[in-house]
Every structure is written in structure tokens, then in C-alpha cells.
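Heavy-atom basis, side chains included; hydrogens, waters and symmetry copies ignored. Numbering of residues begins at 1 and proceeds along the displayed sequence.
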Amino acid sequence: MNTIAPVPEDEAEESDFKPLTAEEAQQLRARIAPVSLVRVLALQALVGCLVALAAWGLTGRPAAGWTAAYGAMAVVIPAALFARGVRKHMSSGNPGTAVTGLFGWELVKIVLTVALLAAAPWVLPEVVWLALLAGMVVTLKMYWLALWVQTRSVKPN
């Protein structure tokens with residue numbers, strides 16, 4: 001049995017972490033451009049439409065395009081509802097209310113997404129499952145693109 005030697009206390013307490021002063025935090029906030037939720041949702045909807053057109057074009061089946069669009073819609077509509085609900089709770093000024101609202105609206109978002117996916121066979125005349133998955137996944141990846149764009153827009157010192 002291997003045992004790990006304890007780290008001496010002086011090494012354990014020594015860290016590279018340095019908290020920011022109020023001025024440094026203000027400068028950092030000024031350098032970071034905020035991401036618009038409306039822009040992210042619009043980008044998701046646009047990319048969902050492009051995936052639907054690509055699915056239709058690649059397969060030659062309109063059902064594939066409509067299914068991919070439905071997959072994108074199953075991401076965009078719950079995300080829009082989540083953003084609206086969270087924004088309302090964040091403006092309350094109470095951190096407890098904000099966190100509760102965040103978790104509550106995230107639960108609503110997940111339940112609505114699952115319900116939309118479960119309803120796909122009844123809503124769509126023909127479901128192309130691979131197109132549905134492609135529409136969902138590509139649309140979901142737009143969050144990462146928005147994060148990447150935000151990090152690229154940080155102004156250097």
C-alpha cells in the first residue's frame with residue numbers, strides 16, 4: 001500500500017493566487033465586453049436554420065431538413081425561456097433569489113427540452129433521428145462559439 005507524504009504547512013499555504021484589488025477588478029470588468037443573450041440566441045437560431053438547409057440538401061429529403069430544424073428549435077426555445085426567467089431573477093438584487101431562479105429555470109429548460117424531443121414523433125410526419133441530433137448538437141455548440149468570441153474580444157492591457 002502506497003502512502004502519500006504530507007505536504008509541509010509552509011508549502012501548502014504558499015500559493016500563486018493573488019486576489020484582485022477593487023481597482024484591478026474594475027479594470028478587468030472594463031476590458032471584458034458583455035455577451036448579449038439575444039445575440040447568442042439569434043446565432044443559435046441562424047445556425048439551426050443552416051443545419052436544416054444542409055440536412056435537406058445533403059439528403060435530398062425535406063423531412064431531414066424539418067427534423068433538423070425541430071432539433072434546433074428544441075434547443076433555442078427552452079434557452080430563450082431560461083434567459084428570460086434568469087434575467088428577471090438576477091435583477092432582484094438578492095443573491096439567494098438569483099441562485100434559486102437559476103436552478104429553477106435550468107430545470108424548466110431541461111424538462112421542456114426533453115418534452116419537445118419526446119413529442120417529435122407526434123409533431124413531425126417523419127422523424128430523421130440523425131438530423132434531429134445534428135440540429136440539436138450543432139445548435140448547442142453555439143454557446144462555446146459565443147464564449148470563444150467573448151475571450152477574443154477582451155482588450156489587452
Side-chain angles (χ1 to χ4, degrees), residues 16-20 22 24-157:
D16 290 336
F17 178 76
K18 182 187 125 211
L20 297 176
E24 291 171 332
Q26 185 64 29
Q27 289 172 352
L28 182 63
R29 279 190 212 102
R31 285 184 22 223
I32 298 175
V35 176
S36 167
L37 292 175
V38 174
R39 267 179 70 186
V40 172
L41 291 170
L43 181 63
Q44 281 186 320
L46 175 69
V47 168
C49 290
L50 292 176
V51 170
L53 290 172
W56 190 337
L58 290 173
T59 63
R61 296 172 52 197
W66 288 112
T67 305
Y70 186 85
M73 181 198 68
V75 172
V76 174
I77 290 174
L81 187 63
F82 170 80
R84 184 178 182 276
V86 167
R87 180 175 285 175
K88 195 166 133 182
H89 282 283
M90 291 293 182
S91 64
S92 71
N94 182 349
T97 303
V99 171
T100 303
L102 179 74
F103 286 118
W105 282 105
E106 183 65 26
L107 180 63
V108 168
K109 180 175 133 181
I110 291 169
V111 168
L112 183 57
T113 302
V114 170
L116 286 169
L117 293 176
W122 290 280
V123 173
L124 298 169
E126 179 187 351
V127 179
V128 181
W129 292 104
L130 189 58
L132 181 85
L133 184 64
M136 279 190 60
V137 169
V138 173
T139 304
L140 278 170
K141 293 300 175 188
M142 289 304 100
Y143 289 124
W144 290 104
L145 181 64
L147 183 62
W148 180 74
V149 167
Q150 180 184 10
T151 58
R152 303 286 294 167
S153 68
V154 174
K155 301 170 203 143
N157 285 340

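Scanning both residues, A118 and P121, for their nearest heavy atoms gives O-CD, 3.3 Å. Looking at every heavy atom in both residues, A52 comes nearest to A68 through CA-CB, 3.7 Å. Annotation for A64 and T59: closest pair CB-OG1, 3.3 Å, computed over non-hydrogen atoms. Residues G48 and A72 approach most closely at CA-CB, 3.5 Å, considering heavy atoms. Smallest separation of non-hydrogen atoms from W66 and W56: NE1-CZ3, 4.4 Å.
Between Q44 atom CD and Y143 atom OH the span is 4.5 Å, to the nearest 0.5 Å. Interatomic distance, CG of L112 versus CG of L107, reported as 11.0 Å (0.5 Å rounding). To the nearest 0.5 Å, the span separating CG on L124 from OG1 on T67 amounts to 5.0 Å. Distance check: T139 OG1 to L50 CG gives 9.5 Å after rounding to the nearest 0.5 Å. Summarising the geometry, atom CE belonging to M136 is positioned 9.5 Å from atom CG belonging to L116; distances are rounded to the nearest 0.5 Å. To the nearest 0.5 Å, the span separating CG on L37 from CG on L41 amounts to 6.5 Å.
Partners of Q27 according to the side chain to side chain donor-acceptor pair (under 3.5 Å) rule, which considers only residues two or more places apart in sequence or in another chain, do not exist here.
The shortest side-chain heavy-atom distance between L145 and V40 does not fall under the 4.5 Å cut-off. Looking only at side-chain heavy atoms (C-beta outward), V51 and V47 come within less than 4.5 Å of each other. Side-chain contact between V75 and T113 is absent, with no heavy atoms from C-beta onward closer than 4.5 Å.
More than 12 heavy atoms of other residues, nucleotides or ligands lie within 6.0 Å of CG in L133, so this atom counts as buried by the packing criterion.
Side chain of Y70 to main chain of G135: no donor-acceptor pair is present (N/O by atom type, distance under 3.5 Å, no hydrogens or angles).
Pairs passing the side chain to side chain donor-acceptor pair (under 3.5 Å) check and including a residue from residues 119-132, sequence neighbours excluded, read R61-E126.
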